[in-house]
S.K.: 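I'd like to ask you about the structure that follows.
Treat the numbers as computed from the prediction; the structure is a model and nothing was measured. Here is how names work: the chains are called A, B, and so on, in the same order as the sequence lines, proteins then strands, and each is numbered from 1.
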Number of protein chains: 2
Amino acid sequence: MKKADKNLLSGSTTLLVLSLLSAGDKYGYEMIAELEARSDHTFTLKEGTLYPILHTLERDGAVKSYEKEAPTGRVRKYYHITKRGLRLLDEKKEEWVEFSQTVNAILAGTTPALA
Amino acid sequence: MKKADKNLLSGSTTLLVLSLLSAGDKYGYEMIAELEARSDHTFTLKEGTLYPILHTLERDGAVKSYEKEAPTGRVRKYYHITKRGLRLLDEKKEEWVEFSQTVNAILAGTTPALA
DNA sequence: TTGACAAGCCTCGACAATCTAGGTATTATA
DNA sequence: TATAATACCTAGATTGTCGAGGCTTGTCAA
């Protein structure tokens with residue numbers, strides 16, 4: 001199938017980016033490639049989407065960036081998730097779980113357990 | 001919790017609307033109330049969002065509308081899902097399943113089964 | 001009977017998020 | 001040497017939702 005329109009992606013991009021970074025520091029270009037690979041081409045996050053998100057996250061103190069030279073000799077801009085970023089990740093994760101469970105419940109025609 | 005920001009909702013509204021209609025004809029106001037109830041207030045679809053969607057779906061032949069007098073004496077505009085709408089629902093449902101599974105896989109830090 | 005409120009449908013402008021399509025610079029490759 | 005891949009960035013167009021309003025009909029209380 002492999003397309004999952006961009007609107008579905010909307011709202012979960014920050015969650016996905018933070019999730020990637022929670023596994024270790026990464027640079028932008030790498031995140032795009034990793035998301036694409038890990039999702040088997042379901043997610044093709046565009047550069048025009050990712051870079052502004054990273055800048056916003058940094059402005060908000062959820063990530064910190066630093067430059068580091070790659071073995072190739074090129075300088076890359078790595079991002080590191082902060083404590084605040086981890087908290088944000090938790091919140092977004094919780095939101096996602098509630099949201100997706102609710103959608104699934106509606107699709108199944110049942111009312112979700114009112115916990 | 002109860003908020004699940006609007007961006008998550010974006011992209012799944014059509015899916016949700018079609019899903020509601022696949023269970024039987026409904027009028028707009030009713031869909032909003034039903035979604036809100038069935039989701040325990042997680043989804044509060046606004047009129048300014050729903051009505052344009054219904055009009056688009058009708059223009060695309062996914063639903064048909066007809067007027068019917070309610071027991072109260074008021075005339076309501078009911079929507080009925082067409083064969084084309086059912087096909088669209090299937091597609092969107094499949095997209096959703098793939099999308100949500102992939103997000104969950106990324107959150108879990110694993111690569112989804114490349115079925 | 002009159003006024004307020006709920007039911008029910010609609011639309012316009014603002015806002016937010018993504019994408020398109022460009023730009024720049026460096027390194028690898030043919 | 002030229003082209004492609006790597007790596008970062010941004011301005012403008014597009015798209016979807018929302019807020020805020022308008023309009024009509026029915027209900028209910030004062």
S.K.: To the nearest Å, how far apart are Leu45(B) CG and dG8(C) P?
M.R.: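 Spelled out: CG on Leu45(B) to P on dG8(C) is 16 Å.
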S.K.: Could you tell me how the ring of Phe99(A) sits relative to the ring of Trp96(B): parallel (under 30°), tilted (30 to 60°) or perpendicular (over 60°)?
M.R.: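 Because their plane-to-plane angle is over 60°, the rings of Phe99(A) and Trp96(B) count as perpendicular.
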S.K.: Taking the minimum atom-to-atom distance to the side chain of Ser10(B), which one of dT17(D), dT18(C), dC10(C) wins?
M.R.: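 Selected nucleotide: dT17(D).
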S.K.: Under a single-linkage definition using a 4.5 Å side-chain heavy-atom cutoff for Ile, Leu, Val, Met, Phe, Trp and Tyr, are Val75(A) and Tyr51(A) assigned to the same hydrophobic cluster?
M.R.: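 The answer is no; the residues belong to distinct hydrophobic clusters.
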S.K.: Tell me: CZ of Arg59(A) to P of dT10(D), nearest whole Å?
M.R.: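 Those two atoms, CZ and P, are 13 Å apart.
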S.K.: Return the polar atom pairs (N/O with N/O) between nucleotides 2-6 of chain D and the protein under 3.5 Å, or none.
M.R.:
unit_1	atom_1	unit_2	atom_2	d
dT6(D)	O2	Arg74(A)	NH1	2.3
dT6(D)	O2	Arg74(A)	NH2	3.0

S.K.: DNA chain D: Gly48(A) or Thr72(A), which has the more 5' nearest nucleotide?
M.R.: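 So the residue in question is Thr72(A).
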S.K.: Could you check which of dC9(C), dT10(D), dT18(C) has an atom nearest any side-chain atom of Pro52(A)?
M.R.: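 The nucleotide sitting nearest to the side chain is dT10(D).
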S.K.: Given side-chain contact (heavy atoms from CB on, under 4.5 Å), test Leu15(A) with Leu107(B) step by step and report yes or no.
M.R.: CA-CA 9 Å; Leu15(A) 167 66; Leu107(B) 290 184; 3.8 Å; yes
S.K.: As a quick check of understanding, evaluate side-chain contact (heavy atoms from CB on, under 4.5 Å) for Phe43(B) and Arg38(B), giving each step before the final call.
M.R.: CA-CA 9 Å; Phe43(B) 304 142; Arg38(B) 297 254 303 267; over 6 Å; no
S.K.: Say you draw a straight line from CG of Leu45(B) to OG1 of Thr13(B); how long is it, rounded to the nearest 0.5 Å?
M.R.: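 Here the interatomic distance stands at 6.5 Å.
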S.K.: Which nucleotide in the set dA28(C), dC18(D), dC10(C) lies at the smallest distance from any side-chain heavy atom of Lys46(B)?
M.R.: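 The listed nucleotide nearest to Lys46(B)'s side chain is dC18(D).
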S.K.: Taking CD from Glu69(B) and P from dG8(C), how many angstroms apart are they, rounded to a whole number?
M.R.: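 Going from CD in Glu69(B) over to P in dG8(C) covers 13 Å.
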S.K.: Rounded to whole angstroms, how far apart are NE2 on His55(A) and P on dA17(C)?
M.R.: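 From His55(A) NE2 to dA17(C) P: 16 Å.
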S.K.: Between Ala70(B) and Gly11(A), who's closer to the 5' end of DNA chain C by nearest nucleotide?
M.R.: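 By nearest-heavy-atom nucleotide position, the 5'-most residue is Ala70(B).
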S.K.: Report, one pair per line, the protein and nucleotides 14-16 of chain C atoms (nitrogen or oxygen only) whose separation is under 3.5 Å.
M.R.:
none

S.K.: Taking only N and O in the side chain of Tyr51(B), is any of them less than 4.0 Å away from OP1 or OP2 of dC10(C)?
M.R.: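 No.
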S.K.: Write down the distance between CG (Leu8(B)) and P (dT18(C)), rounded to a whole number of angstrom.
M.R.: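 Roughly 11 Å, once rounded to whole Å.
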S.K.: Hey, are the side chains of Tyr79(A) and Leu57(A) touching, using non-hydrogen atoms and a 4.5 Å cut-off?
M.R.: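 When only atoms from C-beta onward are counted, Leu57(A) and Tyr79(A) do not touch, as no gap falls below 4.5 Å.
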S.K.: Counting only side-chain nitrogens and oxygens, does Thr49(A) get under 4.0 Å of the OP1 or OP2 atom of dA17(C)?
M.R.: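 Checking Thr49(A) against dA17(C): no side-chain N or O falls below 4.0 Å of OP1 or OP2.
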S.K.: In Å and rounded to the nearest 0.5 Å, what is the NZ to CD1 distance from Lys46(A) to Ile32(A)?
M.R.: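 That separation rounds to 9.0 Å.
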S.K.: Check this one for me: any side-chain N or O of Thr13(A) less than 4.0 Å away from OP1 or OP2 of dA17(C)?
M.R.: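 For Thr13(A), the contact criterion (side-chain N or O under 4.0 Å from OP1 or OP2 of dA17(C)) is not met.
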S.K.: Nearest whole angstrom, please: distance from the P of dA7(D) to the CD of Glu30(A).
M.R.: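 Value for this atom pair: 8 Å.
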S.K.: When rounded to the nearest 0.5 angstrom, what distance separates NZ in Lys64(B) from CZ in Arg84(B)?
M.R.: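 The NZ atom of Lys64(B) sits 10.0 Å away from the CZ atom of Arg84(B).
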S.K.: Just the rounded figure in Å: distance from C1' of dG8(C) to CG of Leu54(B).
M.R.: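 That distance rounds to 13 Å.
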S.K.: Less than 3.5 Å between a donor and an acceptor, one on the side chain of Glu47(B) and one on the base of dC9(C), is that the case here?
M.R.: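 Side chain to base: pair present.
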S.K.: Once you measure the plane-to-plane angle for Tyr78(B) and Tyr27(B), does it fall in the parallel (<30°), tilted (30-60°) or perpendicular (>60°) bin?
M.R.: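 Tyr78(B) vs Tyr27(B) ring planes: perpendicular.
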S.K.: Rounded to the nearest angstrom, tell me the gap between atom NZ in Lys77(B) and atom C1' in dC23(D).
M.R.: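 Rounded to the whole Å, the gap is 15 Å.
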S.K.: Is there side-chain contact between Leu88(A) and Glu91(A), with at least one heavy-atom pair below 4.5 Å?
M.R.: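 A side-chain contact exists here, since the closest heavy-atom pair is under 4.5 Å.
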